[in-house]
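Each remark here refers to the structure printed beneath this line.
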Amino acid sequence: MTTQPAPDHVRIFDTTLRDGEQSPGCSMGLAEKLEMARQLARLRVDIIEAGFPAVSEGDREAVRAVASEVEGPRIAALARCVPADIDAAWDALRHAPRPRIHVFLATSALHREFKLRMAKREILRRTVDSVARARDLTEDVEFSPEDGSRTEPEFLGEVVERAIAAGASTINIPDTVGYTMPDEFVGLIGYLRRHVAGIDGIVLSVHCHNDLGMAVANSLAAVRAGARQVECTVNGIGERAGNASLEEVVMSLATRHDFYGISTGVETREIVPASRLLSELTGMLVQRNKAIVGRNAFAHEAGIHQHGVLRNRATYEIMHPHDVGLGGNELVLGKHSGRHALRARLGDLGFDPDRDELNEVFVAFKRLADRVKEVSDEDLLRLMSETAAVPASGVVGGGPEAGASPR
Ligand code: KIV
Ligand code: ZN
């Protein structure tokens with residue numbers, strides 16, 4: 001289907017199962033890919049790039065399974081600009097209700113000279129032939145000029161224009177090596193929009209790598225410049241330093257809708273489940289302070305912050321944890337925590353200490369917090385049972401009547 005998204009909608013093209021999966025430590029078998037694809041469908045991404053069928057029989061089978069079993073998103077498969085790749089992609093995709101063939105060919109001088117050993121003329125010919133071949137198989141064809149951000153803009157424009165004329169309905173501009181900067185990328189997208197014939201009739205997409213930590217910033221800058229598809233991965237996995245992180249792109253657009261005025265169709269409450277499932281399937285852990293999905297993303301330890309969040313969470317939280325699929329914010333009890341947080345957690349555990357009781361347990365709590373990184377609920381229950389004000393039979397197994405003041 002070649003329909004255009006509404007002007008204020010950006011398509012989310014998830015490539016966790018292709019670019020993400022091809023990165024070291026992230027490979028998945030058929031069963032894992034299928035399970036992840038089902039979660040991506042619950043996440044309501046617009047497109048799932050399920051794999052690169054020409055690469056291996058395993059990938060071909062996985063794409064075939066995702067294409068025939070996963071409902072909702074369009075399913076895409078990657079192909080180089082060679083007939084056998086395009087045919088393999090189509091063979092794997094043909095049972096999808098909405099298949100997309102994604103063909104790519106490097107266009108930068110470096111890649112032309114050292115990787116492909118092809119002249120510009122040959123790049124243009126292969127682009128046209130390959131897009132046309134894919135277009136004979138399905139009407140939904142995406143073309144990517146690999147290393148687009150390092151390609152001479154005039155030549156990039158020429159390649160893109162030919163791809164559109166040959167039938168591509170989505171043109172994706174990759175920052176393959178994560179080299180570009182937001183302002184520069186905006187300039188390139190603007191240049192293409194001004195100079196390429198037919199560009200208003202297709203969906204302009206971007207695909208940014210994170211080598212300089214700019215993937216999300218570049219993707220969002222491109223959206224401001226008119227891109228209406230962003231390619232990204234769950235947890236930002238992908239070649240080398242990874243791809244733009246889906247959760248960061250989506251939550252930036254959602255949280256700063258006032259600034260971007262752009263929506264996605266993503267069901268954001270499925271973000272954390274998707275992140276955790278991917279970690280489980282690949283064994284690749286998410287760094288603790290990772291935006292949106294890291295364990296610390298909604299955790300507060302400092303006493304001043306905890307006090308603020310208890311009064312009004314907006315003081316230190318710009319998103320609601322429920323909106324990304326978390327139960328609630330996490331007030332981590334440690335040496336920086338204050339009485340307000342301790343009282344709140346004791347309340348969660350069923351206690352309602354008076355001032356003296358709280359003071360007493362707070363002293364014991366601080367002493368313990370100096371020795372351990374985090375004070376757990378079990379630690380608190382023990383502290384409560386040990387303090388003079390709260391008899392040992394407290395909440396744990398003792399029932400409310402046994403403790404000093406559990407509610
Ligand atoms: O990074 C890249 O250029 C790619 C293309 C195949 C889109 O992954
Ligand atoms: Zn890539």
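Residue numbers run from 1 in the order of the sequence given. Heavy atoms only: backbone and side chains are in, while hydrogens, waters and symmetry mates are out. Order of appearance sets the numbers: ligands from 1, and atoms from 1 within every ligand.
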task: Identify whether NZ of Lys or CZ of Arg in R224 sits under 6.0 Å from the centre of the six-membered ring of F259 and within 45° of that ring's axis.
output: yes
field: Identity of the nearest option to atom 4 (C) of ligand 1, non-hydrogen atoms only, from E239, E231, R240, H207
entry: H207
Against heavy atoms of [X], which atoms of ligand 1 measure under 4.0 Å?
X: S144; answer: 7 (C)
X: E146; answer: 3 (O)
X: H209; answer: 1 (O)

task: Just need the protein heavy atom nearest to atom 3 (O) of ligand 1, so name the residue and atom and give the distance.
output: T176 OG1, 2.6 Å
- prompt: In terms of the angle between their ring planes, are F52 and F104 parallel, tilted or perpendicular, with boundaries placed at 30° and 60°?
  reply: perpendicular
field: Under 3.5 Å: N/O of N172 near N/O of ligand 1
entry: no
query: Can you find an N or O of D147 that's nearer than 3.5 Å to an N or O of ligand 1?
result: no
- request: Consider only side-chain N and O atoms of H300 and E317, and report whether a donor and an acceptor are under 3.5 Å apart.
  value: yes
- prompt: Can you tell me if T15 and E231 form a side-chain donor-acceptor pair at under 3.5 Å?
  reply: no
query: Is E158 salt-bridged to R162, cutoff N-O under 4.0 Å?
result: yes
field: Salt-bridge contact R18-D59 (side-chain N to carboxylate O under 4.0 Å)
entry: no
statement: With E270 as partner, the option from L277, V324, L43 fulfilling side chain to side chain contact (heavy atoms under 4.5 Å, CB included) is L43
- prompt: So is R18 close enough to ligand 1, meaning a heavy atom under 4.0 angstrom away?
  reply: yes
query: Of all the atoms in D19, is at least one N, O or S atom closer to the Zn ion (ligand 2) than 2.8 Å?
result: yes
statement: The N/O/S atom of H209 lying closest to the Zn ion (ligand 2) is NE2
